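Keep in mind that the numbers below use all heavy atoms, side chains included, and drop hydrogens, waters and symmetry copies. Quick caveat, the model's predicted, so the values are computed rather than measured.
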Amino acid sequence: MMPFMDHMSEQQTDEIRLDGPLLFGRVLDGKGGARRINWAEAQVWQPQAPGEVMWLHLSRNEPEVEVWLEHGLKVAEPTVELLVSDSTRPRAFREGDALVGVMRGINFNPGAKPADMIAMQLWSDGTRLVTLRRHRMQSPRDVLAALDEGHGPRDAGRVITELVEALIVRMSSSIVDMNAEIDRMEATSEDADAEEMLARISQIRRNSLGLQRHMAPQHEALEIISRDAPEWFDEGDRREIAESIDRLRRYLDDIDISKESALVLQDDIRARAVARSERTNYLLTIVAAIFLPLGFITGLLGINVGGMPGVESGIAFWVVVGMCGAIFIMQLVLFWKWKWL
């Protein structure tokens, strides 16, 4: 596997021990801070002050989640199935006064490839925000850290925009790594192992295709959020989403460039390998052409039949050697004249 950037910090994401399906819960105070809330409190929570928003980050593979979404939040059954599903592609839509979305980010967990994407589903009515994941993610933790430090998002719309931004920023790191890897291979000596380089290029192309396959529909999902989000998703949030859309579009362009650069480099390496092979075959052909007439002469003189000239002569051997040398020199002159050498 090619040497992408070390993301060891990505591995330390969500706690292993859960409070029910709850990975973490916060009640935003509308001023950039938040207080903790546990799973039991979350199920009966109601806002106690203006601007309060409850944000719950859940493990969607816990059996309680589906029941709570359907009966606690009164989410429609098809939407619940979407929120807990593993087979998801990026999408977003408005359901009454709620915003439903599925976003994807790069999986930086141990053993994962950059093209492996993990889904984060979200549901929000402006007062309550629920995000769900199956595999560990760092992006929600980044937003949570800002809240715990007192300078985080102040409402549900801004939490969503910052989550989207964090997911997209992490996509960019893999794109930068792929481009840096291509640059290193372009600067590599021609003596490098062609098979190894071709394998690394193939991995880059697969990663590029994987990223593009998920990022293109994510671009469409963000446009839907920007255009059709409920009223609680204010103009500032829409502008932030628009910035994310522009950034994602640039990353898609960068992926296209990475694919083209990898393809050009792949063709160049293959062309160099073919040229070396053809040069080797050419030299072998020249050597064979030189020794073909010499082999014919020595083979003819080596037949064991009566009447062979020079059998009784003491200088016959040297005559043959001189004749072969003359033929060899004449061939070299002719090959040089014909530009075969």
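Partners of Asp142 by salt bridge (charged side-chain N to carboxylate O under 4.0 Å, His left out), not counting sequence neighbours, listed by chain and number: Arg170. Arg154 pairs by the salt bridge (charged side-chain N to carboxylate O under 4.0 Å, His left out) definition with nothing, not counting sequence neighbours. In this structure Asp268 satisfies the salt bridge (charged side-chain N to carboxylate O under 4.0 Å, His left out) test together with Arg272, sequence neighbours excluded. With sequence neighbours left out, the salt bridge (charged side-chain N to carboxylate O under 4.0 Å, His left out) criterion links Asp267 to no other residue. Applying the ring-ring contact (aromatic ring centres under 6.0 Å, His included) rule to Trp68 yields the partners Trp39; only residues at least two apart in sequence or on another chain are considered. Residues satisfying the side chain to side chain donor-acceptor pair (under 3.5 Å) criterion with Trp45, sequence neighbours excluded, are absent altogether.
Within a 6.0 Å radius of CZ in Arg239, no more than 12 heavy atoms belonging to other residues, nucleotides or ligands are found. Counting heavy-atom neighbours within 6.0 Å of Glu77 CD, excluding the residue itself, gives a total of 12 or less. The environment of Leu284 atom CG is dense: over 12 non-hydrogen atoms of other residues, nucleotides or ligands sit within 6.0 angstrom.
Listed for the Glu62 side chain is no donor-acceptor partner under 3.5 Å among the backbone atoms of Leu22.
At a threshold of 4.5 Å between side-chain heavy atoms, the hydrophobic network of Ile, Leu, Val, Met, Phe, Trp and Tyr places Ile168 and Ile224 in two separate groups. Clustering ILVMFWY residues whenever any of their side-chain heavy atoms sit less than 4.5 angstrom apart, transitively, puts Leu73 in the very cluster that holds Ile37. A single hydrophobic cluster is not seen to contain both Ile182 and Val264; linkage of ILVMFWY side chains at heavy-atom distances under 4.5 Å, directly or through other members, places them apart. Both Leu252 and Val164 belong to a single network of hydrophobic side chains, linked directly or stepwise wherever heavy atoms of I, L, V, M, F, W or Y lie under 4.5 Å apart. Connection of Phe328 to Met323 is established within a shared hydrophobic cluster, with ILVMFWY side chains joined at heavy-atom distances below 4.5 Å, either directly or through further cluster members.
Across Lys259, Gln266, Arg200, a single residue satisfies side chain to side chain contact (heavy atoms under 4.5 Å, CB included) together with Arg205, and that is Gln266.
Here OG of Ser59 is found 10.5 Å from CD of Glu64. Values are rounded to the nearest 0.5 Å. Separating the NE2 atom in His57 from the CG atom in Leu122 is a distance of 11.0 Å, to the nearest 0.5 Å. With rounding to the nearest 0.5 angstrom, the CG atom of Asp155 is 8.5 Å from the CH2 atom of Trp232.
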